[in-house]
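Single-structure report; data block below.
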Amino acid sequence: MIDLIEVTKSYGKGLPALNKATVHIDKGEFVFVVGSSGSGKTTLIRLLLKELDPTSGSIVVGGERLEGMKRSRVAKYRRRLGVVFQDFRLLKDRNVYENVAFAQRVIGRPTRVIKRRVPEVLQEVGLADKYRSFPDELSGGEQQRVALARALVNRPDILLADEPTGNLDPRTSEEIMGLLEQINQRGTTVLVVTHNKDIVNAMRKRVVTMNEGVIVSDEKEGEYHEA
Amino acid sequence: MRPSTILYELRQGFRNIRRNWMFSVASVLTMTACIFLFGIFYSIVLNLTNIAEGMENKIPVTVYFDEGTTDEEIELIGSQIRERPDVESITYVSADEAWKQMEQEYFHGDEEAAKGFKDINPLADSSNYRVTSKTIETQDDLVKYIMSLDHVRQVNQARKAAKTVGDMNSVVYYASMIIIGILLLISIFLISNTVSVGISVRKEEIGIMKYIGATDRFVRAPFVLEGIILGAVGAAIPLTALYFIYNETVNTILSHYSAISDSVEFMTVDQVFRTLAPVGILLGIGIGLVGSFLTTRKHVRV
């Protein structure tokens, strides 16, 4: 599903943010990418989103080679991905329903499809009764659920989560990780970038550890190792 | 694009305008000033062109004869001119008639001054033919032909008077083009500025759109629509105002200044607006489109 082959990303002089990283992720896998700040985790996500181009190496996602991909193709490619961030990135002037519907509107789904699909996905993330609330009226956990619903509403093949529990308390973090696991069990490939040791160790999933841009370990049912 | 998506994009366009209403108003006002001036200059140029053409067509060529030319010879000249297929009309004006006309034009209300010429006709050698050509294009050939006839002393062409109006028209035309050009650039700049403010306000939303998989076209469309709407409104306001102002001005001139109304024929408001309205609207929309398109190209790279 995701193949990184000898991928290097440099922003200028000095150490590269990602240094000859090679990793293969199968369809339906749940993978944690862990490491301290500046280890290259976020660069990895940005490369997979095709927000950045690698300095060298090759990235193939779902059979599509990202280097050299035409600009006109990038939008279509991104529709195959769902993405959630630490800061939720919700539109503050729109309610829960509109925030989720926005993802469908953007890709040109007809209104009747949106009206059917948005309540479904809000049900999945447990927010069916809060569809009229605005982001500021929700807790951090609820806001992250909205972000998750928005990421899932277009039924992506891959879900990328960049520090999804970074702004949440331990209990809410567990709930969010539980949701991600459910999503994964339905067939979506999930890649979670985090430095939340407790969650990584509790879930016993595949763990890719990074340090200064280099993949230092890749363990099935792994644990969070401090670099 | 689906109708629901088009509606969504349109709503976003109006939303942008509402959000940055002060910039939007500034853009519309500049555009209004630009199209208003354009409309005024356009109306003036159109009328001057019309007047120049009218003068060329209406004012006849005047043919004067050598001193001592007999009535038979004058009659022969007349029949030679009449034979030409490009002659619309030919009228003989005797020296007495010429003087009577001049008396009426120049000594009207001052008949005492005219009495000084009681016994003499100062225009004794001014009997003439007034010849109108069918088209202005053939007038030069006609004049050349008449000049070649025996006993013809002089031919006065209306073109000189028309040329004066034409020259004036050119000055107004070029001056207006420069002013309109400068205003167009200011309008494009202001629309571009309004749209770029809209983009910076919606930066977060645009970022989310990109992650979700919005195409360049989808992201840009509301901003381009915003520019088009501002341009169209900025054109509609001055055109509506000009319609009434033009009508009122022409009516006032015609009813108060008979000297002008007798010699000059103004174009009707409908004649002027047949071209001014579509050109003005297209100009407004064009400015809006160019201003917003260039800005989104620069700032909204997906």
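Below, chain A is the first sequence line, B the second, and so on; all start at residue 1. Just so it is clear, the values below take in all heavy atoms, side chains as well, and ignore hydrogens, waters and symmetry mates. Since this is a predicted model, take the numbers as computed values, not measurements.
- Using a 4.5 Å cut-off between heavy atoms, A:L90 touches chain B through its backbone atoms (N, CA, C, O) alone.
- Chosen from A:R89, A:R105, A:R80, the residue pairing most often with chain B at heavy-atom distances under 4.5 Å is A:R105.
- Among A:V153, A:L81, A:N154, the one residue that satisfies the side chain to side chain contact (heavy atoms under 4.5 Å, CB included) test with B:I212 is A:N154.
- Here A:E51 is the residue among A:K76, A:K50, A:E51 with the most heavy-atom pairs under 4.5 Å with chain B.
- Only the side chain of A:F85 comes within contact range of chain B, with heavy atoms under 4.5 Å apart.
- Here the CG-CD distance, from A:D87 to B:E204, works out to 7.5 Å after rounding to the nearest 0.5 Å.
- Of all residues in residues 178-187 of chain A, none places a non-hydrogen atom less than 4.5 angstrom from a non-hydrogen atom of chain B.
- Annotation: B:F189, atom CZ; neighbour count of heavy atoms from other residues, nucleotides and ligands within 6.0 Å does not exceed 12.
- The salt bridge (charged side-chain N to carboxylate O under 4.0 Å, His left out) search around A:R79 returns none, not counting sequence neighbours.
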Could you walk me through whether A:R150 and B:I208 pass side-chain contact (heavy atoms from CB on, under 4.5 Å), step by step? CA-CA 10 Å; A:R150 187 181 63 197; B:I208 295 166; 3.7 Å; yes
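- Enclosure of atom CD in A:Q123 is not indicated, since only 12 or fewer non-hydrogen atoms of other residues, nucleotides or ligands lie within 6.0 angstrom.
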Name the atoms and distances for all side-chain donor-acceptor pairs under 3.5 Å in residues 7-15 of chain B, with sequence neighbours left out.
from, atom 1, to, atom 2, distance (Å)
B:Y8, OH, A:R94, NH1, 3.2
B:R15, NH2, A:D93, OD2, 2.3

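- Residues B:A214 and A:A75 come closest through the heavy atom pair O-CB, 3.4 Å.
- Residue contact with chain A, scored on non-hydrogen atoms closer than 4.5 Å, involves the backbone and the side chain of B:Y211 alike.
- Of all the listed residues (B:M209, B:R217, B:E205), the one sharing the greatest number of non-hydrogen pairs under 4.5 Å with chain A is B:E205.
- A 6.0 Å sphere centred on OH of A:Y131 holds no more than 12 heavy atoms belonging to other residues, nucleotides or ligands.
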Can you list, pair by pair, the side-chain donor-acceptor contacts under 3.5 Å of residues 229-248 of chain B, counting residues two or more places apart and other chains?
from, atom 1, to, atom 2, distance (Å)
B:T240, OG1, B:A236, O, 2.6
B:Y243, OH, B:D270, OD1, 3.2
B:Y246, OH, B:N47, ND2, 2.8
B:Y246, OH, B:M267, O, 2.7

